[in-house]
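Below is one structure, written out as structure tokens, with a few remarks after it.
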Amino acid sequence: MLAMNYRGPYRVRADKNAPMPEILHPQDAIVRVLRSCICGSDLHLYHGLVPDTRVGSTFGHEFIGEVVEVGAGIENLKVGDRVMVPFNIACGKCAFCRQELYGNCHESNPEATAVGGIFGYSHTAGGYAGGQAEYVRVPYADVGPVVIPDWMDPDDAVLLTDVVPTGYQAAEMAGIQPGDTVVVFGAGPIGIMAAKCSWLFGAARVIIIDHVDYRLEFAERYAQCEAVNFRSIGDPVVFIKTVTDSLGADVCIDAVGCEAAGNTMNSLLGRYLMLQGGSTTALHWAINSVKKGGIVSIVGVYGPTNSLVPIGNVLNKGITIRANQASVKRLLPKLIQHVKDGVINPKELITHRVPLEEVGDAYHLFSSKLDDCIKTVLIPPSASI
């Protein structure tokens with residue numbers, strides 16, 4: 001079959017001879033991929049920043065597909081079902097799954113102390129093959145996959161596997177109250193969706209901060225928020241204090257993670273020397289610009305190693321920090337209804353649809369922020385829709 005193949009930092013290719021996945025457990029299903037996405041988190045892998053990303057890996061944790069084979073223990077799916085597959089691989093039975101913390105499943109990634117299994121996200125997340133391929137094995141298939149409603153556009157469905165739930169949970173964890181000022185760091189797809197969803201919780205003002213003009217312009221249109229280029233305002237912390245009567249934002253959301261630009265030392269230590277789990281610039285800005293007693297919500301990805309964080313400011317300001325991988329399965333019923341009602345229009349984020357055969361070009365396009373790329377969808381040659 002055809003699959004994306006990682007050959008080292010900044011090197012991916014389409015492998016026409018990748019092995020077909022097989023049923024390995026009675027709770028497995030094999031899914032023929034109809035759509036998959038390149039996520040901003042995939043760029044961390046692509047850039048060589050995630051430990052134990054092995055040559056030969058297939059990335060891709062955002063995908064939908066058609067069930068073509070099921071294990072003997074599967075009861076909730078049948079061959080022919082078209083499904084959204086959450087990026088979390090979750091057993092549904094462990095202590096954390098019972099709390100609907102599907103991103104922290106204790107069984108799908110038993111050698112880790114934090115994150116559960118994730119499709120196509122290095123061996124630190126379980127070593128599972130991802131969905132940037134024609135076919136993929138889906139473990140615990142009675143738990144994760146959700147049948148796509150007949151009325152739903154497949155382009156909307158694929159964004160419900162990660163982007164929409166992660167952006168929504170970023171706003172949810174932020175505890176936004178009616179009248180709040182919300183600042184979102186990062187105008188990638190997740191940040192844009194977090195800004196969009198902040199209005200659903202009653203925000204009175206939403207500001208998104210980035211340094212790429214076309215992304216800011218897109219965010220302003222899609223999320224109806226204020227968009228600010230941090231290179232034009234000097235110190236973002238001073239700027240936010242200035243526009244909030246010196247108090248700070250009620251809520252700050254870090255939707256950037258480990259590749260944040262804006263501070264030379266953090267970029268050097270986290271992105272180039274890899275002496276910490278990524279550049280923590282956006283996290284610094286969030287902590288320092290939120291009000292006393294405010295909330296910082298983190299959905300940007302950082303590595304498992306130590307990072308320089310101003311923890312003293314967290315203590316002295318009485319800040320609450322909330323962070324996690326999105327619990328996709330928990331959120332899907334509500335988000336499906338939001339899509340049906342027209343409250344959220346996920347597919348409007350998609351700017352590029354690329355054949356899977358051109359996956360190398362697609363990564364270069366997205367990574368280098370060419371052609372005003374916001375969100376890229378890969379379409380395998382075997383997809384029928």
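Sorted by first then second residue, the side-chain hydrogen bond (donor to acceptor under 3.5 Å, both in side chains) pairs that include residues 139-160, not counting sequence neighbours, are R35-D155, D155-R353, D156-K347. Within the structure, the side-chain hydrogen bond (donor to acceptor under 3.5 Å, both in side chains) test picks out the following pairs touching residues 171-180 (sequence neighbours left out): E172-R330. For residues 347-376, every residue pair satisfying the ring-ring contact (aromatic ring centres under 6.0 Å, His included) rule, not counting sequence neighbours, is listed here: Y46-Y363. Residue pairs meeting the side-chain hydrogen bond (donor to acceptor under 3.5 Å, both in side chains) criterion with at least one partner in residues 98-123, sequence neighbours excluded, are R54-H123, N104-N324, S122-T124. Screening residues 229-255 for ring-ring contact (aromatic ring centres under 6.0 Å, His included) gives H211-F230, F230-W285 as the qualifying pairs, with residues at least two apart or on separate chains.
Annotation: side chain of L378 is not in contact with side chain of F63 (no heavy-atom distance under 4.5 Å). Between I64 and V85 there is no side-chain heavy-atom pair separated by less than 4.5 Å. Proximity of T281 to L283: side-chain heavy atoms (C-beta onward) are nowhere separated by under 4.5 Å. Between L200 and Y168 the shortest side-chain heavy-atom distance falls below 4.5 Å. Taking 4.5 Å as the limit, some side-chain heavy atom of L331 sits within range of a side-chain heavy atom of Q169. Annotation: side chain of R215 is in contact with side chain of I374 (closest heavy-atom distance under 4.5 Å). Side chains of L216 and I208 form a contact here, defined as non-hydrogen atoms less than 4.5 Å apart. Using a 4.5 Å heavy-atom threshold, the side chains of V136 and V33 count as touching.
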Apply side-chain contact (heavy atoms from CB on, under 4.5 Å) to the pair I209 and V183, showing each step before the final yes or no.
CA-CA 7 Å; I209 296 179; V183 175; 3.9 Å; yes
Steps toward side-chain contact (heavy atoms from CB on, under 4.5 Å) verdict (I336, V146)
CA-CA 10 Å; I336 288 170; V146 172; 4.3 Å; yes
Yes or no on salt bridge (charged side-chain N to carboxylate O under 4.0 Å, His left out) for E358 and R13, after CA distance, side-chain angles and deciding distance?
CA-CA 8 Å; E358 300 172 17; R13 70 183 186 195; over 6 Å; no
Audit row: N345, V339, side-chain contact (heavy atoms from CB on, under 4.5 Å) steps and yes/no:
CA-CA 6 Å; N345 299 297; V339 173; over 6 Å; no
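Going from atom CD1 of I190 over to atom CG of D254 covers 12.0 Å, rounded to the nearest 0.5 Å. Atom CG of D42 is separated from atom CD of Q132 by 5.0 Å, given to the nearest 0.5 angstrom. Atoms CE and CD1, from M152 and I148 in turn, are 8.0 Å apart once rounded to the nearest 0.5 Å.
H61 and F87 have perpendicular rings, their planes meeting at more than 60° on a 0 to 90° scale where under 30° would count as parallel.
Judged by distance alone, the side chains of N229 and D213 do bring a donor and an acceptor atom under 3.5 Å apart.
The number of heavy atoms from other shown groups lying within 6.0 Å of CZ (R11) does not exceed 12.
Residues passing the side-chain hydrogen bond (donor to acceptor under 3.5 Å, both in side chains) test with N76, sequence neighbours excluded: none. K78 meets the salt bridge (charged side-chain N to carboxylate O under 4.0 Å, His left out) test with D81; sequence neighbours excluded. Residues meeting the side-chain hydrogen bond (donor to acceptor under 3.5 Å, both in side chains) test with Q325, sequence neighbours left out: none. Applying the ring-ring contact (aromatic ring centres under 6.0 Å, His included) rule to Y135 yields no partners; only residues at least two apart in sequence or on another chain are considered. The side-chain contact (heavy atoms from CB on, under 4.5 Å) check on P86 picks up N88, V328, L332, with sequence neighbours excluded. Looking at residues two or more places apart in sequence or on another chain, you find a salt bridge (charged side-chain N to carboxylate O under 4.0 Å, His left out) between D28 and R137.
For E134 and R32, the salt-bridge test fails: no basic side-chain N is under 4.0 Å from an acidic carboxylate O.
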When the side chains of residues 308-322 are checked against the rest of the protein, which donor-acceptor pairs come out under 3.5 Å, sequence neighbours left out?
from	atom 1	to	atom 2	distance (Å)
N313	ND2	N288	OD1	2.6
N316	ND2	G312	O	3.1
K317	NZ	I287	O	2.9
K317	NZ	N288	O	3.3
K317	NZ	V290	O	2.6
R322	NH1	M173	O	2.9

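What you find for D162 and C39 is that their closest heavy atoms are OD2-SG, 3.7 Å. Pairing each heavy atom of C105 with each of I89, the nearest pair is CB-O, 3.8 Å.
Relative to the ring axis of Y222, K196 places its NZ or CZ within 45° and under 6.0 Å from the centre.
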